[in-house]
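Single-structure report; data block below.
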Number of protein chains: 2
Amino acid sequence: MAEISRATLRRYPVYLKALRKLSQNGVKVIRSNELSQYVDIKATTIRHDFSLIGQLGKQGYGYDIEELIRIFAEALGEDYDEEMILIGVGRLGKAILNYNNWNHVAGEIVCAFDLKPEVRNQETQVNVPVYHISQLKEKFPKGCEIAILCIPSGAQEIVNELHELGVKGIVNFTREHFVLPEGMIKSDVDVVSTIEELLFEVNSMNK
Amino acid sequence: MAEISRATLRRYPVYLKALRKLSQNGVKVIRSNELSQYVDIKATTIRHDFSLIGQLGKQGYGYDIEELIRIFAEALGEDYDEEMILIGVGRLGKAILNYNNWNHVAGEIVCAFDLKPEVRNQETQVNVPVYHISQLKEKFPKGCEIAILCIPSGAQEIVNELHELGVKGIVNFTREHFVLPEGMIKSDVDVVSTIEELLFEVNSMNK
DNA sequence: ATCTATTTGTGAATAATTTATTAATCTTCA
DNA sequence: TGAAGATTAATAAATTATTCACAAATAGAT
């Protein structure tokens with residue numbers, strides 16, 4: 001597999017989301033042109049992105065949606081049920097836990113860590129155990145590579161610990177600044193920053 | 001002001017966040033090199049990005065943090081309290097409403113819309129009125145340009161309506177697909193996609 | 001079975017973005 | 001006050017990403 005650029009990697013989830021939606025609607029086959037309209041990405045870019053994974057389509061025909069989803073899901077991780085952990089079970093953390101919609105879509109949260117595990121265990125309505133943060137090393141699921149960070153402070157220390165435990169990717173909900181250890185990647189989910197970005201753009205539109 | 005690229009626009013919130021943090025810690029002046037280490041963006045890129053807004057720094061000295069924050073905040077919007085609305089006051093919508101931390105940081109949510117306004121008004125602990133979605137046109141705050149979308153379905157219709165009302169930017173929390181009307185921009189805040197993106201990357205790291 | 005309409009896949013060309021370099025400007029300290 | 005050292009701003013080079021153009025392949029019609 002050729003080196004896939006970050007830009008392309010970022011588009012794959014967009015394709016996958018669209019394909020799942022189309023599949024739900026009973027669409028079986030799609031041309032790059034149609035998908036282009038749907039996701040607002042140039043058809044040539046789509047074909048280029050797809051071609052990096054392999055020969056996914058048939059000339060003169062298009063792409064088989066089920067097949068495509070299967071291939072993407074495979075590229076996403078073994079059996080697409082990557083094990084993830086959640087750190088911090090506050091308001092947002094709970095919302096994430098309760099929102100179980102991504103089971104078998106983008107992995108599964110197998111356990112969570114918090115400073116008040118007893119309280120949190122009662123509060124959450126799902127069957128995901130919450131352990132005390134001090135038990136991180138002890139209860140850490142073997143082979144887990146993704147951690148979702150929802151803590152208000154102390155991110156750096158946790159991140160360092162996670163790095164040592166072999167975590168490669170952080171889904172970062174905190175607004176705290178931390179230095180990312182070598183070899184780790186993160187994706188920020190930051191409402192404030194998102195809004196700010198949008199404001200910058202909207203304002204530069206106005207000029 | 002020269003045309004600022006999308007890539008640069010996306011970095012501004014990162015700078016702003018870092019600058020605020022530094023300011024809190026009592027730092028008054030920063031060199032592009034120091035900021036570079038802090039945010040993990042090359043110093044040359046930072047200087048380039050900054051120079052697009054104006055001559056923000058002093059040679060041989062660095063950047064004055066307070067000044068920088070002021071300039072950024074100004075670029076962000078008048079008096080940095082842009083008015084925003086929230087559509088959909090479910091679990092996530094409520095979390096966003098309650099999380100009032102961004103007042104005077106990235107604008108303010110002035111009102112919200114939902115299918116069950118009475119219930120929602122009781123549930124939320126903040127002083128933001130929730131109106132019925134059918135009252136969107138009626139209660140829409142004049143001049144509002146940003147809408148936060150937290151509804152489980154029916155996004156397209158709402159988006160079209162918002163477009164007519166003059167909304168320019170959508171902060172999109174829905175997983176629903178919708179076509180963005182001409183002249184509108186959106187930013188997706190999608191945990192599943194974020195995790196998927198991370199998985200794609202982590203998996204391509206493993207190879 | 002053959003021909004024609006389509007549509008993908010590929011590699012090259014173009015465009016955009018990031019990084020490096022150079023020149024100019026500022027601060028500081030003697 | 002002036003020179004040394006530091007740092008930005010502007011420009012050039014390198015890298016990365018997107019788009020284009022066309023060959024190769026397929027489905028479907030006749």
Side-chain angles (χ1 to χ4, degrees), chain A residues 1-15 18-19 22 27-72 75 185 197 200-201 204, chain B residues 1-15 18-19 22 27-69 71-72 75 185 197 200-201 204-205:
Chain A
M1 192 148 85
E3 191 63 42
I4 297 178
S5 74
R6 184 118 212 251
T8 297
L9 247 18
R10 266 201 275 261
R11 279 190 296 266
Y12 285 153
V14 177
Y15 299 139
L19 291 169
L22 288 163
V27 186
K28 299 289 179 200
V29 175
I30 196 159
R31 267 34 69 72
S32 59
N33 270 316
E34 299 166 324
L35 187 56
S36 169
Q37 292 201 312
Y38 202 74
V39 296
D40 204 21
I41 295 170
K42 291 273 192 306
T44 50
T45 306
I46 293 175
R47 292 206 299 274
H48 198 269
D49 285 348
F50 283 11
S51 77
L52 293 170
I53 295 183
Q55 304 197 172
L56 273 38
K58 289 203 196 108
Q59 279 107 326
Y61 174 75
Y63 298 88
D64 187 281
I65 290 185
E66 286 311 312
E67 169 106 353
L68 223 47
I69 292 176
R70 198 185 51 70
I71 290 171
F72 270 102
I185 51 177
E197 183 199 322
F200 273 114
E201 287 195 66
S204 76
Chain B
M1 191 148 86
E3 190 64 40
I4 297 176
S5 75
R6 185 121 210 245
T8 297
L9 247 18
R10 266 201 276 261
R11 279 189 297 267
Y12 285 152
V14 178
Y15 299 139
L19 291 169
L22 288 162
V27 186
K28 299 288 180 201
V29 175
I30 196 159
R31 266 36 67 73
S32 59
N33 272 316
E34 298 166 324
L35 188 57
S36 169
Q37 292 202 311
Y38 203 75
V39 295
D40 203 21
I41 295 171
K42 289 276 189 303
T44 48
T45 305
I46 293 175
R47 292 205 298 274
H48 197 263
D49 286 347
F50 283 11
S51 72
L52 292 172
I53 295 185
Q55 303 196 174
L56 271 39
K58 289 202 192 110
Q59 282 102 328
Y61 175 77
Y63 298 89
D64 187 282
I65 290 187
E66 286 310 314
E67 170 106 354
L68 223 47
I69 292 177
I71 291 170
F72 270 103
I185 52 178
E197 183 197 322
F200 273 116
E201 288 193 65
S204 77
M205 260 164 65

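Proteins get letters first, then strands, A, B, ... in listed order; numbering begins at 1 in each. Keep in mind that the numbers below use all heavy atoms, side chains included, and drop hydrogens, waters and symmetry copies.
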> For the pair made of OH in A/Tyr15 and P in C/dT8, what is the distance, rounded to whole Å?
Replying inline: 13 Å
> When you check the phosphate oxygens OP1 and OP2 of D/dT8, does a side-chain N or O of B/Arg47 lie under 4.0 Å from one of them?
Replying inline: yes
>> For residues 48-60 of chain B, which residue pairs pass the side chain to side chain donor-acceptor pair (under 3.5 Å) check, not counting sequence neighbours?
In response: B/Thr8-B/Asp49, B/Arg11-B/Asp49, B/Tyr15-B/Asp49
>> I need the CZ-P distance between A/Arg6 and C/dT17, as an integer number of Å.
In response: 16 Å
>> The side chain of A/Thr44 is closest to which nucleotide in this list: D/dC20, C/dA20, D/dT18?
In response: D/dC20
>> Which nucleotide, if any, forms a Watson-Crick or G-U wobble pair with C/dC29, using both distances under 3.5 Å?
In response: D/dG2
> For the pair made of CD1 in A/Ile30 and C1' in C/dT8, what is the distance, rounded to whole Å?
Replying inline: 14 Å
>> In the structure I gave you, are the side-chain heavy atoms of A/Ile4 and B/Phe200 within less than 4.5 Å of one another anywhere?
In response: no
> Which parts of residues 55-65 of chain B get close to DNA chain D, meaning a heavy atom less than 4.0 angstrom away?
Replying inline: B/Gln55, B/Leu56, B/Gly57, B/Lys58, B/Gln59, B/Gly60, B/Tyr61, B/Gly62, B/Tyr63
> Taking O4'-C1'-N9-C4 for purines and O4'-C1'-N1-C2 for pyrimidines, is D/dA25 syn (within 90° of 0) or anti?
Replying inline: anti
>> Using every non-hydrogen atom in the two residues, find where A/Glu67 and A/Asp64 come nearest and quote the distance to one decimal.
In response: N-OD1, 3.1 Å
> To the nearest 0.5 Å, how far apart are CD in B/Glu201 and CZ in A/Arg10?
Replying inline: 7.0 Å
> Rounded to the Å, how far apart are A/Ile53 CD1 and C/dT10 P?
Replying inline: 13 Å
> Between D/dA21 atom C1' and A/His48 atom NE2, what is the distance in whole Å?
Replying inline: 13 Å
> To the nearest Å, how far apart are B/Leu52 CG and C/dA16 P?
Replying inline: 15 Å
> Under a 3.5 Å cut-off for both distances, is D/dT19 Watson-Crick or wobble paired, and to whom?
Replying inline: C/dA12
> For A/Arg11 and D/dT16, what is the distance between atoms CZ and P respectively, to the nearest whole Å?
Replying inline: 16 Å
When the side chains of residues 36-47 of chain B are checked against the rest of the protein, which donor-acceptor pairs come out under 3.5 Å, sequence neighbours left out?
{"from": "B/Ser36", "atom 1": "OG", "to": "B/Ile41", "atom 2": "O", "distance (Å)": "2.7"}
{"from": "B/Ser36", "atom 1": "OG", "to": "B/Ala43", "atom 2": "N", "distance (Å)": "3.4"}
{"from": "B/Arg47", "atom 1": "NH1", "to": "B/Ser32", "atom 2": "OG", "distance (Å)": "2.9"}

> Roughly how far, to the nearest 0.5 Å, is CD1 of A/Ile69 from CG of A/Leu19?
Replying inline: 5.5 Å
> Where each residue is assigned the nucleotide of DNA chain D containing its nearest heavy atom, which of B/Asn33 and A/Ala7 is assigned the position nearer the 5′ end?
Replying inline: B/Asn33
>> Within the 4.0 Å heavy-atom criterion, would you say A/Arg10 contacts the bases, only the backbone, or no part of the nucleic acid?
In response: nothing
> Atom CD1 of B/Ile41 to atom C1' of C/dT19: distance rounded to whole Å?
Replying inline: 14 Å
>> Strictly below 4.0 Å: does B/Thr45 bring a side-chain N or O up to OP1 or OP2 of C/dT19?
In response: yes
>> Taking only side-chain N and O atoms of A/Ser32, does any of them lie within less than 4.0 angstrom of OP1 or OP2 on C/dT8?
In response: yes
> Would you say C/dA16 has OP1 or OP2 under 4.0 Å from some side-chain N or O of B/Ser5?
Replying inline: no
> If you measure from CG on B/Leu35 to CG on B/Leu68, what distance do you get to the nearest 0.5 Å?
Replying inline: 8.0 Å
